[in-house]
Every structure is written in structure tokens, then in C-alpha cells.
There are 2 protein chains.
Amino acid sequence: MKYLLPIMLLFTFSVPCFAVEGMFPLNDIHTLDLHQHGFEISADAIYNPDGISLIDGICKVNGCTGSFISDDGLILTNHHCAFRTVQMASTNGHDYITSGYVASNRTEEFPAAGYAVRITKWYRDVTADVLSAVTETMRMAERTRAIDKRRNEIITRVEHDYPGHRAEIAEMFIGKTYVLFVYIYLKDVRLVYAPPRSIGEFGGEIDNWMWPRHSGDFSLMRAYVAPDGTPADYAPTNVPYHPKTRLTIQPDGVNTGDLVFLIGYPGRTYRHQTSDFPAYEQEVRMPFVVDWYQWQIDMMNAMGQSDRTIALKHASRIKSLSNTMKNYRGKLKGINREHLIARRRKEEAALQKYIMDDANRAAQYGTVQTELADIYSNVRTHTDRTMILHYLNKNVTLLNIAYTLYEAAVERQKPDVERKADYTERNFGQTKQKLEQSLHDFYQPTDQQIFNALIAKATTLLPDQHIAPIDSIMEAYPSIDEFLDTIYHNTTLTNADTVRTLFIKTPEQLTQCSDPFVQLARHLYPLYAAIDNESKSRKGATDQLYAKLYDVKAEFLKQKFIPDANGTLRLTFGQINGYSPNDAVWCQPITTVTGILEKDTGQEPFNSPSRLLDLIHEKKFGKYVQPKLSSVPCCILYDTDTTGGNSGSPVFNAHGELVGLNFDRTYEATINDYAWSENYSRSIGVDIRYILWILDEYEDVDYLLTEMGVN
Amino acid sequence: MKYLLPIMLLFTFSVPCFAVEGMFPLNDIHTLDLHQHGFEISADAIYNPDGISLIDGICKVNGCTGSFISDDGLILTNHHCAFRTVQMASTNGHDYITSGYVASNRTEEFPAAGYAVRITKWYRDVTADVLSAVTETMRMAERTRAIDKRRNEIITRVEHDYPGHRAEIAEMFIGKTYVLFVYIYLKDVRLVYAPPRSIGEFGGEIDNWMWPRHSGDFSLMRAYVAPDGTPADYAPTNVPYHPKTRLTIQPDGVNTGDLVFLIGYPGRTYRHQTSDFPAYEQEVRMPFVVDWYQWQIDMMNAMGQSDRTIALKHASRIKSLSNTMKNYRGKLKGINREHLIARRRKEEAALQKYIMDDANRAAQYGTVQTELADIYSNVRTHTDRTMILHYLNKNVTLLNIAYTLYEAAVERQKPDVERKADYTERNFGQTKQKLEQSLHDFYQPTDQQIFNALIAKATTLLPDQHIAPIDSIMEAYPSIDEFLDTIYHNTTLTNADTVRTLFIKTPEQLTQCSDPFVQLARHLYPLYAAIDNESKSRKGATDQLYAKLYDVKAEFLKQKFIPDANGTLRLTFGQINGYSPNDAVWCQPITTVTGILEKDTGQEPFNSPSRLLDLIHEKKFGKYVQPKLSSVPCCILYDTDTTGGNSGSPVFNAHGELVGLNFDRTYEATINDYAWSENYSRSIGVDIRYILWILDEYEDVDYLLTEMGVN
């Protein structure tokens with residue numbers, strides 16, 4: 001059972017620094033013998049809810065992780081995490097994506113609209129409270145709604161008790177355990193420094209998810225608060241936030257074989273789900289997404305070819321689509337190569353045999369696996385239809401705006417605790433802001449082509465899967481284009497002010513609204529509501545089945561499990577370690593800036609700034625040179641257990657000093673989401689020496705180095 | 001001076017198996033201390049003009065090298081060398097390209113039209129004889145013609161004295177030394193075995209020029225002679241040729257660090273030319289060719305997409321274009337990455353300083369380098385025009401046929417020794433055969449598109465570079481297409497019989513011929529004649545300059561040099577050795593069949609036969625398993641000095657036993673043509689164990705293994 005880590009096993013390792021599977025919740029680390037694993041720092045120094053510890057220097061920056069590296073709220077995170085802000089800053093005549101962004105003093109720090117920083121304050125188990133909302137007689141969808149409502153109630157209560165904080169309840173084991181997290185929530189975040197894209201994203205989509213790597217994927221942001229120290233929206237009068245602690249930078253970096261550990265907010269893994277889930281992903285969902293994203297990327301690239309302004313509008317979306325697409329391609333390859341489904345099925349068969357060997361167990365658990373299989377099998381029957389509806393809402397900007405307006409109107413008729421998360425009082429402002437931002441990147445010909453392609457897809461669905469409002473369109477108009485020309489011509493949703501006024505309407509008022517997109521959204525609403533209901537119903541069913549499955553699996557394997565990643569604070573450890581991606585190839589775990597010279601072609605995405613090339617040619621390595629490598633270390637590779645959301649995670653040495661900045665995994669490790677392996681699971685970070693060398697030798701921003709305490 | 005190997009240095013190496021630059025002419029190996037380099041075989045056992053030695057078991061198969069591995073003339077060479085025959089065999093309803101070709105007995109061996117086998121019999125220096133044709137007063141083009149004529153005279157005389165043999169005179173050092181080679185010449189060659197393309201070319205264009213490799217790039221052919229043992233054209237009554245010796249196969253293969261040596265016919269290197277030559281290649285010629293070949297490949301791929309018959313017609317051409325294109329891309333990258341031009345210029349500056357430091361030297365050699373520079377610089381002024389004319393003749397099949405017909409008529413008016421090589425009595429049959437073969441692959445829409453693209457290119461030339469006959473076309477026709485539609489409609493050159501009858505016409509008769517392609521060729525003829533004359537004149541000039549340059553360079557560096565590769569028999573040695581292609585990557589020098597599983601996607605070019613995958617999955621490795629690797633070795637990597645023409649070269653161990661079959665170089669080693677380096681020069685072979693495993697476990701062709709003496 002490679003993919004399930006028995007916690008008890010951790011105590012039997014005799015070799016320190018041996019990599020293990022596990023994104024450990026922070027309270028679990030007190031049960032690990034850290035010293036035996038090579039740590040030179042105590043569990044309390046890492047996580048201490050009653051005092052000051054490393055985690056007070058770590059935050060969540062939207063979907064990424066960040067580190068406080070100064071007493072004045074300076075945050076180190078990835079270039080790709082701050083990219084949207086660089087893109088926003090680039091509209092006023094300056095192309096900061098290309099040139100990089102350097103605030104030469106605090107007044108030049110650029111407000112990162114839509115960004116928020118969260119710092120984990122404390123957390124506790126609320127399983128009993130959450131599950132007390134459920135009764136035996138509830139139907140499945142009802143069960144899910146009851147749990148969601150109770151979660152909202154707890155959150156509302158906690159946030160009321162702790163002003164300026166955000167509460168979240170995370171499901172740790174599906175349907176089984178729930179933990180309440182309380183975060184300090186800072187809404188004034190600003191961009192301090194971003195390197196040129198040709199450094200921050202050197203290698204672009206070609207090198208993305210690849211090792212060896214030479215990307216300087218880092219940036220600096222800063223969290224601000226009101227003059228009285230409380231969280232506040234952006235205001236020029238705000239002052240830098242003072243974190244409880246800051247991380248210590250170790251400019252000497254690491255060496256091959258050194259222990260490293262990461263703390264961060266890994267997003268989502270699926271290691272506890274049955275083989276039916278990766279099989280569904282592999283056979284149905286991911287191939288659909290890969291094709292669809294590739295089409296969108298090709299189309300947007302073509303659109304932007306002759307016009308830099310359009311290209312800039314598309315930059316962030318293309319980057320995000322490409323990232324997911326290559327991740328999926330890696331997963332598809334890895335699932336095959338590792339025979340993942342077959343291995344899981346074998347394990348499940350062994351478990352089933354164990355269950356059926358005992359009459360009591362058979363009665364209690366005998367049908368759990370087949371019931372789960374039936375659920376996944378049912379999903380397959382209408383995946384294409386669901387996907388088309390999903391991407392109509394997600395990828396057609398104007399339809400997304402119209403739908404959000406309509407759904408908001410409906411949801412906001414309900415009591416706050418019963419609303420969908422996006423429309424609760426605490427989140428509604430952000431939802432509105434996100435819509436306005438999507439208009440910022442809106443380009444009508446692109447939007448219309450995407451809409452066109454999805455309608456065309458919809459017309460190929462099997463008769464019983466047809467989408468009625470689209471059938472009506474096809475009947476009413478001679479062609480898809482004619483329909484689209486008409487509605488894009490008549491809509492007023494491209495105007496941010498119009499969108500704002502429509503946000504205060506009731507469903508009845510919106511029914512009177514003449515905007516064709518709003519009308520279409522209204523007609524589509526019942527379809528989405530049905531999908532949502534089905535999904536809640538499914539969750540209700542799987543929740544109960546998975547809860548049972550854990551119990552019997554734990555009994556069978558005599559093990560405790562680590563919960564799947566769910567965006568909450570986790571620690572993972574391992575060592576600086578190379579790997580063999582292919583027959584006859586061994587990759588070393590530390591690259592150097594000299595490798596930039598090898599890769600540089602002068603053409604995107606291998607077009608380093610000439611001054612950077614000069615510095616390398618002239619060996620102006622300063623104090624950041626690694627003598628054995630005769631160069632500045634650039635990126636590092638380690639066998640810790642990470643996933644998306646670990647972007648921006650600090651990489652610590654055994655002493656808990658900052659030696660790197662996590663930003664990616666290898667292509668082979670994209671299947672970490674389903675299974676971790678010592679052989680192929682490798683994560684990629686920027687070496688702290690490269691970051692310091694760039695700031696010092698390339699940018700010469702002494703004041704920042706001083707602030708970071710390394711000058 | 002990395003790229004010039006001082007022979008004297010060879011005696012000072014203390015480490016055996018150390019790789020050295022050098023494609024040694026066979027008589028030079030007697031001056032090497034082979035034993036000290038790790039050889040367990042004497043120079044005489046490798047090359048002995050008075051007895052039997054290894055080279056009697058080695059032959060030239062068209063542009064490739066082959067090995068006799070049975071007493072009945074069985075030849076081991078590359079799949080890509082025999083590919084044209086597999087393609088020819090594939091027209092009678094069977095797709096042998098896909099399925100592979102297995103002759104289950106000798107009557108099934110397929111005649112390889114257009115193939116010839118040459119076995120080096122002896123060679124001697126004929127410099128004095130050749131250069132005695134030259135007088136001081138000759139103009140440059142005249143000088144070249146005189147040398148060519150004298151070479152033809154010697155060849156004719158020798159071939160008259162040795163019936164059934166072919167003579168060739170190779171220029172060893174440009175303008176300085178000439179060697180006469182006499183070959184046994186066998187014209188009846190047949191295909192015995194070719195693996196499925198998915199084995200022989202596993203990885204296709206993606207893996208071509210790449211390591212790690214998993215291609216089974218081998219095939220078996222057989223040479224036949226008349227029943228009396230004399231060379232003869234194909235006849236069903238012919239019998240297998242009995243070589244003087246056959247190579248011994250070592251089924252145990254090799255290990256990392258082992259000495260290996262290769263014997264073969266490397267085609268062409270340019271290490272002795274001044275920096276102006278690679279600079280011209282890099283800046284002018286190769287970028288043109290890369291663009292033009294990429295365009296042709298894309299177009300032919302599109303043409304073949306919906307019709308397998310058309311795809312088959314294009315297969316060989318696409319393969320050849322892709323191969324050259326990727327080689328050039330590798331060279332362009334390597335020249336930059338290794339700063340080749342800058343390094344050469346520095347060396348040339350040092351030499352110039354040495355020359356100018358002495359008044360006598362300055363007088364004798366002072367202007368040699370600048371005169372060479374002027375010549376190369378002059379070539380640049382009309383490269384585009386020359387290239388367009390070159391590819392009109394080379395890539396437009398019907399124009400090539402028409403031009404060859406017309407040029408043949410002109411040339412065959414001259415005495416035989418004054419004709420261009422293609423039209424001498426000894427070669428004319430082959431020239432005619434080649435034309436007929438090109439009709440075999442002819443597909444009009446493709447030919448017409450190529451013609452169209454070249455005319456379009458010609459219209460963009462600067463006014464003083466214009467091609468008059470094309471200007472006339474543009475004046476006479478409303479569009480290129482209209483012109484092309486007309487001439488392709490009216491031509492009769494697509495008929496092989498017509499082409500044959502036109503081959504006996506005089507220039508005057510062809511002037512009367514109504515075929516539009518013949519008329520166009522006639523109008524283009526003076527342009528090609530002028531280019532030819534200019535090229536001869538340039539060669540006359542550079543010949544003399546390079547002869548001087550060697551003298552002063554040898555004096556300056558106190559070294560003897562090894563001549564550039566020129567298609568003559570050479571030996572190179574080194575060891576089984578990995579390398580680092582990039583920062584942080586180390587490649588091991590032996591791959592295994594297990595790596596095929598990793599690469600296989602089920603999609604071309606990674607679509608292994610399912611039976612092969614099964615054999616690997618089931619570990620049916622037979623006696624070919626390498627215990628440490630727990631698998632069958634697949635391909636091997638070594639640091640010998642090779643270039644194109646070494647395709648098919650036998651790879652020997654220290655005892656002179658066959659352990660592999662050379663078929664490629666790494667991407668980094670494509671610049672071997674300009675400079676060899678221990679760091680990046682690596683060649684790639686099929687491991688003998690993979691060849692034997694395929695024949696034994698996959699094909700089960702026992703009778704061939706018995707014939708090869710390994711059963």
C-alpha cells in the first residue's frame with residue numbers, strides 16, 4: 001500500500017532524512033520523532049498554538065503560500081502567484097510583465113486588487129458539532145445541505161466573535177472529520193517586486209512541470225493594515241503589517257542529501273478515493289479538459305499574435321489553462337506508466353476479500369466499494385453535458401457574469417447561512433470584485449469564439465443529453481454566429497457600472513431585464529440547479545460510504561491515515577534528492593545559473609535579459625557562489641510530498657531556516673494527487689541563493705536585502 | 001586547439017580507453033600504440049593489405065557502412081539504410097514498413113534496386129600523379145577541371161585493369177593529397193530482414209539525434225554474385241557472395257567504461273576549414289535549409305494525412321528531410337552554445353600573429369587567411385539565388401528529370417574523362433536508374449506545390465539576383481499556378497519509357513523536344529553551368545590556399561593532422577561513456593528494453609508492437625539479459641569520433657568482436673562536423689544483445705542466428 005502512509009511506521013525508520021509520504025496536519029507533527037528524521041528544530045518551534053512558532057511567519061496568499069521575511073510584512077511568494085497583479089499593473093503604459101516590477105520605495109508598492117493574506121491563528125476539531133446537524137432519515141442532498149448550513153452557522157458565529165478574522169471549516173476525511181480554522185485576514189496586499197517574466201518564468205510552458213529548471217519564480221509582496229493594526233481594505237494611509245514572527249533566511253542554502261521541510265497550504269489530493277475516481281479522471285474528464293484547453297490556448301495565441309494589447313489581456317488565462325493542461329497530460333501519462341488503476345484495483349480486491357471473510361464485516365461493509373463504483377459509473381453517463389454547461393459558465397465571460405448576477409439574486413433571497421458560499425455576506429464583496437476583474441481581461445472576439453465552440457459541442461450531444469435552451473437558440477437563429485453577433489451587439493454587461501447596478505436586483509427584476517445574456521442565464525439556471533442538487537446528493541452518499549471505507553480499511557491495514565490535502569496548513573519533509581525520470585537518465589537535485597546560458601536561445605521562453613547573461617558570463621557570482629559548482633545555485637529538487645497550493649511554500653533546512661521557495665513539481669510528480677512515490681515524487685524550488693543573487697547583483701535593491709536581514 | 005588532434009600526442013596518453021579526436025585512415029593506425037589505448041587486437045589484425053583482416057568483413061552499402069556477419073554474404077546495417085528497399089517492397093499490397101520484412105528463405109530475399117556494396121580492396125597515395133596535371137599558369141576553374149580530368153583518367157585505367165572493381169580518388173587534405181581506393185563492387189544486394197518501423201525507428205523524429213534511445217535501427221541484407229563468383233547485376237541465378245572474412249559476434253555485449261572502436265566510411269567533416277565556413281553555414285545556408293525543409297515536411301505530411309498511398313510515397317523523402325533538418329538545428333544550437341566561431345577566430349588570430357612575426361612567413365602566408373575570408377564573403381552575396389536554383393533542380397522531381405536529361409545530352413558529347421561523374425560510362429546506368437526511382441515516389445500535387453513555393457521565393461530576390469527564365473514565366477502567365485497547371489498538364493516526363501527514350505538524344509534533338517519541362521531545363525542550363533564554373537574556380541583558389549594553410553599551421557602547432565572525413569575507410573576509438581547534455585543531467589551509456597515500456601504511448605512514433613511489450617512485461621529476456629540491469633540492453637553510447645556515413649558501422653570491443661551497430665549521434669554531437677569534444681561528442685549504437693534478442697525471442701528466425709554463428 002504505497003499510497004497510504006501508516007503513521008506508526010514513522011517511528012521505525014532508522015535512516016534520518018528518508019522521504020515519506022505525508023502532508024501532515026500541524027498537530028500531527030507532535031506525534032512524529034522529528035529528531036530521528038534529521039530535524040534540528042522541535043515540533044513546538046514549528047507549531048505552537050500557545051506561543052510563537054514558525055507557522056506565525058507563514059501565510060496564505062490567495063491560493064498560494066507565502067512567507068513573512070521582514071518585520072514589516074514583506075512576503076516572499078512565487079512570481080506566478082503575483083502574476084495577476086503584475087498584469088494589472090501593466091495597463092498604464094508600462095509592460096511590467098516584461099520588464100519586471102521594482103518598487104523603489106513603499107509609495108511605489110502596487111495595490112494587488114483581489115488579493116488577500118491569511119495567517120492561521122488556531123484550529124480545532126468541530127466534527128461533532130457539524131455532524132449533529134445530520135439525522136438518519138435525511139435524503140442525500142438534504143444531508144449535504146444540512147452539513148453546509150451548519151458549517152456556515154459555525155463560521156458566522158466565530159467570525160462574529162473574532163473581528164478581522166476569517167473562519168473556515170475543512171473536511172479532513174470525507175464525511176468523517178471537520179476542523180475549524182481561524183485566520184487573520186488581511187485585505188490590503190501590495191506588489192513590491194517581481195522579476196522580468198524572462199527570469200520569473202524562464203522556460204515558460206516548455207519547462208513548466210519539468211526538471212532541470214532555471215526559473216526565478218519568486219516575487220515580493222507586502223501586507224498592510226490600518227494605522228491601529230487592524231485588518232482593513234486598501235487605503236493609502238494603511239501601514240505595514242507586523243507579523244508575530246519572521247522567517248530567518250539562510251544565505252548558505254542547502255546541499256544534496258540535506259533534510260528539508262516545507263510548510264504550506266496544499267490544495268487537494270485524492271489518495272483516499274477508490275480506483276473509480278482516477279479511472280474516471282483518466283478516461284473521461286481529463287481528456288475532455290486537455291482537448292478543450294488546448295483549443296482555447298491555440299485560439300487565444302492566434303488572437304494575440306498581431307496585437308500586444310490583446311496578448312496582454314490573454315496572458316493570465318493562457319498561463320492558467322496551459323498549467324492545468326500540462327499537469328493533466330502528466331497525470332494521464334503517469335497513471336498509465338505507474339499502472340495506478342490496476343494497482344489500486346488489486347488493493348481494493350484484497351480489502352474486499354477481507355471484508356467478505358467475516359459475516360459481520362460483510363453485512364456492515366460488503367457493498368461499500370460496489371456502491372461507490374455505481375456512483376462513479378453513473379457520473380460517466382452525462383459527463384460531456386455537465387462539462388459543456390460547466391465551461392459555458394466558466395469560460396464565456398459575459399455568460400459567467402450574467403449567471404452570477406442571476407444566481408446572486410436567487411441566493412440572496414435566502415437566509416445568509418443557507419446561501420452558497422460566494423453569496424454570503426462575508427464573501428459577496430469578493431465575488432463582485434472578481435466579476436469586475438474578469439471584465440478587465442474581456443476581449444469580445446475571444447469570448448464569442450469560446451461561446452461558439454461550446455454551442456457547437458452541445459449540438460453533438462446525444463439526444464437525451466441535449467441542453468434545451470441551446471436547442472431553442474438553434475431553432476430561432478439561422479446560425480450560431482448570427483445568434484452570437486446579435487447578443488454580443490445587444491448586451492450591456494461589458495460595462496462595469498451596469499454590472500454593479502444589476503447586483504442589487506431581485507430575480508423578478510432580472511426577469512424583466514432586457515439583456516440577452518441575463519435572459520439566457522435565467523433559462524439555464526434550472527439546469528445548473530439540477531446539477532448542483534445531483535452533486536449534493538452524490539456527496540451525501542459518498543460521504544457516508546467513504547466514512548465506512550476508512551473504518552474498515554484502517555482495521556484491515558492496522559493503520560492510521562493522513563487526511564488528503566484540503567487547502568489547510570500542512571508540513572512535509574524529505575531531502576534534497578535527484579531522481580531518474582527515464583531509463584538511463586539521472587537528474588542532479590541542484591541546478592546552477594550557468595545552465596541558463598545553455599538553455600538561452602534569445603527567443604521566448606528562453607530569452608534571459610542580456611544583463612543577466614553578462615553577469616553569468618563574467619561570473620559575477622558575489623557571495624552566492626557555491627564553490628563546488630563554481631556557480632550560483634538556481635533551483636533545487638526534493639522528495640517531499642506536495643501538491644498545488646504548495647506554490648510559494650517556504651523550504652526550510654533542518655534548523656528551520658529559509659533555504660528555498662517551492663514553486664512546482666516534476667512532470668512525473670503530477671500524479672502526487674493520486675499517489676506519492678519515493679521514485680518519482682519530486683518538488684521544485686527556487687534556491688534562496690538565486691533569489692538573493694538576483695536582488696543583489698542583478699537588481700541592486702539593497703534596501704530590500706537590508707529589510708530581509710541579509711545585508 | 002581542441003579540434004586538431006596532434007598524432008604525436010597519442011603516444012603520451014597514460015590512461016587507456018581515453019577518447020581522442022580522430023577518424024584515422026587505416027594505414028595511420030600502425031603508428032598508434034593500440035595496446036596502450038586498451039586494444040587487445042593488433043593493428044595488422046584490423047588492417048592488413050597483404051592478408052586477411054577485419055576490414056575485409058566491412059563494406060559500404062550505398063552511403064552507409066555494413067558488416068559481413070556470415071560466410072554467405074549476410075550484411076548487418078541500419079534499418080534506416082535499408083529503408084528505401086523496405087519502401088519499394090511495400091508497393092505490392094503489403095505494408096512492410098509497418099509490419100517489417102522477414103525473408104523466411106533465400107528466395108524471399110527482396111532485390112534492393114539502386115543498392116551496391118563496396119569492399120575496400122586496397123588504396124595508395126596518388127597525389128603526385130593527380131597534381132602533375134596542374135600547371136602554374138592555369139586559371140582557377142581550369143585547374144579544377146584538369147585535376148578532375150586526371151582523376152577520371154586514373155580511375156578509368158584502374159577499373160580497366162581490375163574488372164568488377166570500382167576505383168575512387170579521395171581528396172584527403174584539400175588541394176594537397178589524393179588517395180586512390182579500389183573497391184570490390186557488388187550490384188546484386190537483397191533485403192533479408194527489417195524489423196517493423198515501430199522497432200527500427202522507435203521514437204521516430206522525436207528521438208532522432210537524441211539519447212537515451214530505444215531504437216532497433218538494424219536490418220539484414222545479403223550480397224550476391226554470379227555463379228562464378230564475379231560481381232554481376234541482379235539475376236535469380238546469382239549466388240551469395242563469400243567475403244574474405246566475417247565478423248565475430250560477441251553476444252555478451254559491453255559494459256560501461258569498456259573500450260570500443262568503430263570502422264566505417266564517415267562522410268564529410270569540415271574541421272580544417274577556417275571559421276568563415278561554419279560562420280557561413282550558421283548565418284546563411286543552414287537557416288535557409290531548415291526553413292525550406294520544414295515547409296516541405298509540413299506540406300507533405302498534410303498531403304499524406306488522408307491517404308496512406310500518398311503517405312507511403314512521401315515516407316522516404318520526409319524521413320530524409322527531417323533527419324537533415326534536425327541535424328542542422330542541432331548544429332545551429334551547438335555552434336552557439338560552444339562559441340565555436342569565436343574560439344576559431346581566436347585560434348586564427350594566434351596563427352596570423354605567428355605568420356606576421358617573421359618576414360619570410362609573412363611574405364609566403366600573410367594573406368592566406370584574408371583571401372579565404374574574401375572568398376567566403378563573396379559566396380554570401382548570392383546564396384539565396386544559388387539555393388533557389390539548387391532546390392529547383394533537387395526538389396522538383398520533373399524539373400530534376402528534365403535537367404538531368406539535358407545535362408546528360410550536353411555532357412555525353414564530351415570525351416568520357418572530361419564528363420561530370422554522373423555521365424561517365426561507368427556511372428550513367430546508375431544515374432538513369434535513380435531518375436526512374438524518383439518517378440516511383442512522384443506525386444504531382446506535391447511536386448507542383450514545391451515548384452510553386454520556389455518560384456514564389458525567386459520573385460522576392462533582389463533585382464540583380466533575378467533568375468531570367470523565371471522572370472519570363474511571370475511575364476507570360478497571369479499566375480504561377482496557371483503556368484504550373486499548364487506545364488504539368490502538357491508534360492510526358494511522368495512516363496518512365498518517355499524518359500528512357502529521351503536519354504539517347506543530343507542537345508540539338510532536345511531543343512526540338514516539345515516537353516515544357518525539357519524546354520525550361522534548357523533555358524536554365526546556362527545558369528547552372530555558370531554556377532558550376534564559379535564553384536570550380538572557387539575550388540581552384542581555395543585548394544591552393546588551404547594547401548598553404550596546412551603547411552604553416554603544422555609548422556606553428558608542430559603537429560601532423562588527421563584528414564577530414566571524406567567517405568573513405570576510417571577507424572575511431574573511445575569508450576562506453578555517459579555524458580551530461582545539460583546542467584544537472586547525467587545520461588548513462590546503456591539503455592534497456594524496459595525503457596521502451598516507459599516511452600510507449602501506443603501512438604506513433606512510440607507505438608511498439610504489442611508482442612514486444614508483452615515480452616518485456618513478462619521479462620522473456622532469454623540469454624540476452626544483463627543481470628545488473630535486470631533487462632536486455634537496448635542501445636549504447638560511446639565517445640568515438642563519427643559523422644554521417646558511420647551509419648551501420650560495426651562497434652567492436654577491444655578484441656575486435658562485434659558488440660553493437662552504430663546508427664546515430666547525440667543532438668550535441670551534430671557539430672562533430674566542425675569540432676569534436678570529449679564533453680559532448682557521443683555516438684549511439686544498437687546493442688548487439690538487443691539485435692539478437694529481437695531475432696531470437698521476437699522474430700524466432702533461428703536459421704539466421706545459426707547462419708550468424710550465435711545459435
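All chains are named by letter (A, B, ...) in the order of the sequence lines, taking the proteins before the strands, and each is independently numbered beginning at 1.
Rounded to the nearest 0.5 Å, atoms CG (A:N582) and NZ (B:K599) are 7.5 Å apart. Separation of atoms CD (A:E338) and CD (B:E598) is listed at 9.0 Å; rounding is to 0.5 Å. Atom-to-atom distance recorded for A:N336:CG and B:D600:CG is 9.5 Å, nearest 0.5 angstrom.
Neither the backbone nor the side chain of B:L637 comes within contact range of chain A, judged by heavy atoms closer than 4.5 Å.
Pairing each heavy atom of B:A584 with each of A:I590, the nearest pair is CB-O, 3.9 Å.
Remark: the backbone N or O of A:T591 is not paired with any side-chain donor or acceptor of B:D583 at under 3.5 angstrom.
Taking a 6.0 Å sphere around CD of B:E604, one finds it holds 12 or fewer heavy atoms contributed by other residues, nucleotides or ligands.
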